[in-house]
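For reference, the structure is listed below as structure tokens.
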There are 2 protein chains.
Amino acid sequence: MHPTRAAILTAAQRLFHERGFHATSMADLLAASGTGAGSFYYHFPGKDAVLTAVLDHLHERLDREVLAVGRAPGLSPVGRVRAIFGFYRAFLTAAQCRLGCPVGNLAGELADSAPEVAARLHRLFAAWRTGIADCLKPVADRLPAPLTLDDVTTFVLTVMEGAVMQARVARDLLPFDQSVQCLTDWLCRLFPDDPVAKPRT
Amino acid sequence: MHPTRAAILTAAQRLFHERGFHATSMADLLAASGTGAGSFYYHFPGKDAVLTAVLDHLHERLDREVLAVGRAPGLSPVGRVRAIFGFYRAFLTAAQCRLGCPVGNLAGELADSAPEVAARLHRLFAAWRTGIADCLKPVADRLPAPLTLDDVTTFVLTVMEGAVMQARVARDLLPFDQSVQCLTDWLCRLFPDDPVAKPRT
DNA sequence: GTCTATATATTGATAGAC
DNA sequence: GTCTATCAATATATAGAC
């Protein structure tokens, strides 16, 4: 990838995350990436095209950085899910609970916009769920009816997005930790054989 | 309240919900409320002031419309929580799963902005949690340690926001229903005496 | 209180030299 | 590929008559 294009993409990803899409101007984008307008419009037809490129890039990163955490060896199914939450917890800590989820923020701002954007958000969430489902697949057959693997998978992503949003608004890790604790409690009740589940009195 | 001010507020609430704050222009606001610029700036010092007024208005509505559902008589604690989710489900249905949560969307776009905005979002979420806590207070002492009422309350709001976001991105009620089903499963395990909890085999 | 007209800055995007 | 200069449109906000 051309270094200029990469610089624009990196800057855009950061700015869209920090401020959102509409609050980021072309001037911001050019300044943050160190490019001139001529250079920018050589690499991208316009601001909207950067957005779709950023969404595609986020998709790659999700797979490479986040969901890989859930594929780490030596973890139980519930342990894998917890590891993914741990990854986000570390990010929240580093960001002092600001910023929120890069995907979730853009979803909230742009989920009803142009098809190129809505479809990418849809795909991103689907990839998220696939990654979570992979963690829990080994114990899918232990789920009590009528719960399905897909139900639980969707629920885990729901908790992730809601927990990050609340932590951001509160500017505090507490809501995130509380949410993870409750989710873990439930998962341990569903899968009492999982090593993460401590025996109950 | 002056009718013009009310018209601006109503229009702004709708537009901020449909498009977000930054994607709504003054021209949009004036057209949708049927006011001229002179009139607008007589009632509000600027666009930002409308945002804070909308947030305050959403706060009132949350209490009056949403949390009141959880105070309806004749419902069990878990039933109350489910009733609030039912309220949102009806809204999602009417909106064909678009729009999302008016508070959540603005939180995603503006949680890191000016203190007047961030503080109001913080208060809105706190009010949300208070309303949920009121539903569950009667059974708070039945919670297994170390879970607290505040943990569960925060978790319920987490699920609400995450579920609405996912339903919006998917443009389908399914993720919402799946999330509610999982949450209900957990609550029924925690409170097996609640009438909503069906006896298990 | 509301109107119309307008000020002024910033927006996303383009032109043409190099 | 990148530069500088600049475009037309739109942004928020204001002025002053009524």
Side-chain angles (χ1 to χ4, degrees), chain A residues 1-57 105-106 108-110 112-118 120, chain B residues 1-57 105-106 108-110 112-118 120:
Chain A
M1 169 150 51
H2 190 104
T4 299
R5 189 185 159 90
I8 293 169
L9 222 49
T10 304
Q13 192 178 339
R14 184 173 61 80
L15 288 172
F16 292 169
H17 191 185
E18 286 175 2
R19 319 181 185 176
F21 176 72
H22 286 111
T24 300
S25 72
M26 280 300 301
D28 295 333
L29 230 40
L30 298 182
S33 62
T35 37
S39 210
F40 178 94
Y41 285 99
Y42 173 81
H43 291 282
F44 293 97
K47 193 187 167 192
D48 290 354
V50 184
L51 173 62
T52 56
V54 162
L55 289 171
D56 289 337
H57 189 236
N105 291 358
L106 291 174
E109 190 183 355
L110 305 162
D112 297 336
S113 344
E116 309 89 57
V117 177
R120 278 174 173 83
Chain B
M1 167 146 54
H2 190 104
T4 299
R5 188 185 158 89
I8 293 169
L9 222 48
T10 304
Q13 192 178 341
R14 185 173 60 79
L15 289 172
F16 292 170
H17 191 183
E18 286 175 2
R19 318 181 187 178
F21 176 72
H22 286 112
T24 300
S25 72
M26 281 298 303
D28 296 332
L29 231 39
L30 298 181
S33 62
T35 36
S39 211
F40 179 94
Y41 285 99
Y42 174 82
H43 292 283
F44 293 96
K47 193 186 165 191
D48 290 355
V50 184
L51 173 61
T52 57
V54 163
L55 289 172
D56 289 338
H57 189 236
N105 290 358
L106 290 175
E109 189 182 356
L110 305 162
D112 297 336
S113 347
E116 310 88 57
V117 178
R120 277 174 174 83

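Just so it is clear, the values below take in all heavy atoms, side chains as well, and ignore hydrogens, waters and symmetry mates. By convention in this document, chain letters (A, B, ...) are assigned in the order of the sequence lines, proteins followed by strands, and residues within each chain are numbered from 1.
Taking the side chain of B/Lys47 as heavy atoms from C-beta on, and the options C/dT2, D/dA13, C/dT14, the nearest nucleotide is D/dA13. Distances from the side chain of A/Ser39 to the nucleotides D/dA13, D/dC3, C/dT11 place D/dC3 closest. Residue A/Tyr42 has its side chain nearest to D/dT2 when only C/dG1, D/dT2, C/dA13 are considered.
Screening B/Asn105, B/Asp28, B/Thr24 against B/Arg19 for a side-chain hydrogen bond (donor to acceptor under 3.5 Å, both in side chains) leaves a single residue, B/Asp28.
Between B/Tyr41 and D/dA13 there is a side-chain N or O to OP1 or OP2 distance below 4.0 Å. For D/dA11, the OP1/OP2 oxygens have a side-chain nitrogen or oxygen of B/Ser25 closer than 4.0 Å. Side-chain nitrogen and oxygen atoms of A/Thr35 include none within less than 4.0 Å of the OP1 or OP2 phosphate oxygen of D/dT2. Between B/His22 and D/dA11 there is no side-chain polar atom (N or O) within less than 4.0 angstrom of OP1 or OP2. A/His2 has a side-chain polar atom (N or O) that falls below the 4.0 Å cut-off from OP1 or OP2 of D/dT2.
In this structure, B/Met26 atom CE and D/dA9 atom C1' are separated by 17 Å, rounded to whole Å. Following rounding to the nearest Å, A/Leu30 (CG) and C/dT11 (P) show an atom-to-atom distance of 11 Å. Atom pair A/His43:NE2 and C/dA13:P shows a separation of 16 Å (rounding to whole Å applied). Taking atom CZ of B/Phe21 as the reference point, atom C1' of D/dT12 lies 10 Å away to the nearest angstrom. Computed from coordinates, the A/Phe40 CZ to C/dA15 P distance equals 16 Å when rounded to whole Å. Between the CZ atom of A/Phe44 and the P atom of C/dG12 there is a distance of 15 Å, rounded to whole Å.
Residue whose closest nucleotide on DNA chain C sits further toward the 5' end, between A/Gly38 and A/Thr24: A/Thr24. Position along DNA chain C of the nearest nucleotide to A/Asp28 versus A/Pro45 favours A/Asp28 as the more 5'-ward residue.
At a threshold of 4.0 angstrom between heavy atoms, the contacts of A/Gly46 are confined to the sugar-phosphate backbone, with no base atom among them.
B/Leu51 contributes atom CG, which lies 11.5 Å from atom CD of B/Gln13 (distance to the nearest 0.5 angstrom).
By the 30° and 60° cut-offs, the orientation of the rings of B/Phe21 relative to B/Phe16 is perpendicular.
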key: Derivation and outcome, side chain to side chain contact (heavy atoms under 4.5 Å, CB included), residues B/His43 and B/Thr35   = CA-CA 11 Å; B/His43 292 283; B/Thr35 36; over 6 Å; no
inquiry  = Test side chain to side chain contact (heavy atoms under 4.5 Å, CB included) on A/Glu116 and A/Arg120; report intermediate values, then the result.
reply    = CA-CA 6 Å; A/Glu116 309 89 57; A/Arg120 278 174 173 83; 3.7 Å; yes
ask   = Please walk me through it: do A/Thr4 and A/Ile8 pass side chain to side chain contact (heavy atoms under 4.5 Å, CB included)?
value = CA-CA 6 Å; A/Thr4 299; A/Ile8 293 169; 4.1 Å; yes
note = Taking Watson-Crick and G-U wobble contacts under 3.5 angstrom, with | marking pairs to another strand and [ ] crossing pairs, the secondary structure of DNA chain C is written |||||||.||||||||||
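Minimum interatomic distance between A/Glu18 and B/Asp112 (heavy atoms only, all atoms of both residues): O-OD2, 4.4 Å.
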